[in-house]
Amino acid sequence: MIVKIEELLKEVEGLQASDMKEVEALRIKFLGKKGAVNELMANFRNVPSEQKKEVGMKLNELKTKAQNKINALKEQFESQEEDFDELDLTRSAYPIKLGTRHPLSIVRNEIIDIFSRLGFCIAEGPEIEDDWHVFSALNFAEDHPARDMQDTFFIESHPDILLRTHTSSVQTRVMEAAQPPIRIICPGRVYRNEAISYRAHCFFHQVEALYVDKNVSFTDLKQVLLLFAKEMFGADTKIRLRPSYFPFTEPSAEMDISCNICGGKGCPFCKHTGWVEILGCGMVDPNVLDANGIDSKIYSGYALGMGIERVTNLKYQVKDLRMFSENDTRFLKEFEAAY
Ligand code: DAH
């Protein structure tokens, strides 16, 4: 048997093939089910016990060498095939970098995901809007400061036309076109006339949610808020609602979540309070329902709105808002693994 193995070892060393088919034939001959190595293995039990050790070692050597040789031949042809298939003389000599999703898109998609699991559909509206949809239909008084030139970008020649300051305008677009049940989320870009700094920008992004139906109550709102907070920031997240004021909701509240950076113990991010503000919400003011063609005696609803930049900051601690719109690929690359 030793002699036979020695012969095969020599043969293996000198193996050659001119294409992949021949390599496969050699593999079957040496390493296949009924190949030379397996045949020897099957006969191994007939080897006298004093020779078993030596024969065993030789046999293993043969197996490994045959495997290595055949793999080497295979690789040779594989790399040749690849070279041939992918030869593209117009291609850049530099490695092609893959793009990454923008952090705001990652977070927006996550928010959409959570709300769509609760049955909300996406609704969209125009960024260039009119006073009615952004303010009047949402119960803003004539002299409300948000209409002020300092906050809102107006179109000079058409004082009634403006860049929307919040995605709440999509609420009015949907309500005027549809009757309840209405269950929508509206992600989008909004504009405000602010000096640009690390903590303010003249445009940013919001997601608005609106649910109008019979018997919708504040309890429904609270439940959705809690579920959202836990899904977005982790199962241990707590929420708290503080009374607030918005023209389009009554009662109105702002929601804080337990600071997900320090876990509520207090840190510079939450100004040592353990809580961070994340969104505004409330029961849709009956005036808003009526102004948009929905009978407030039959229907009620809740609404909420949040800034995507704010949620992203909380999740990823981006310290400077301007990073989001500078397209610095070093910043964007940091989110490579986030989706
Ligand atoms: N539109 C508000 C803003 O831009 C956010 C908001 C607050 C939306 C309360 C709502 C709400 O739907 O109920 O600051």
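Remember, it's 1-based here, ligands and their atoms both numbered in the order they're listed. Everything quoted here is computed from the prediction, not taken from an experiment.
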**OP:** Let me know which protein residues bring a heavy atom to under 4.0 Å of ligand 1; chain then number is fine for ordering.
**Re:** His166, Ser168, Gln171, Arg192, Gln206, Glu208, Phe246, Phe248, Thr249, Gly280, Cys281, Gly282, Ala303, Leu304, Gly305
**OP:** Could you give me the CA-CA distance, side-chain angles and deciding distance for Thr172 and Asn292, then say whether side chain to side chain donor-acceptor pair (under 3.5 Å) is met?
**Re:** CA-CA 6 Å; Thr172 56; Asn292 290 290; 4.8 Å; no
Original post:
Would you call the rings of Phe135 and His166 parallel, tilted or perpendicular, where under 30° means parallel and over 60° means perpendicular?
Top reply: tilted
Original post:
Would you call the rings of Phe120 and Tyr302 parallel, tilted or perpendicular if under 30° counts as parallel and over 60° as perpendicular?
Top reply: tilted
**OP:** Check Leu31 against Lys63 and note the closest heavy-atom contact, atom names and distance.
**Re:** CD2-O, 4.2 Å
**OP:** Assess whether atom CD of Glu124 is packed by more than 12 heavy atoms of other residues, nucleotides or ligands within 6.0 Å.
**Re:** no
Subject >> Spacing of Leu321 atom CG and Arg310 atom CZ [to the nearest 0.5 Å] >> reply: 9.5 Å
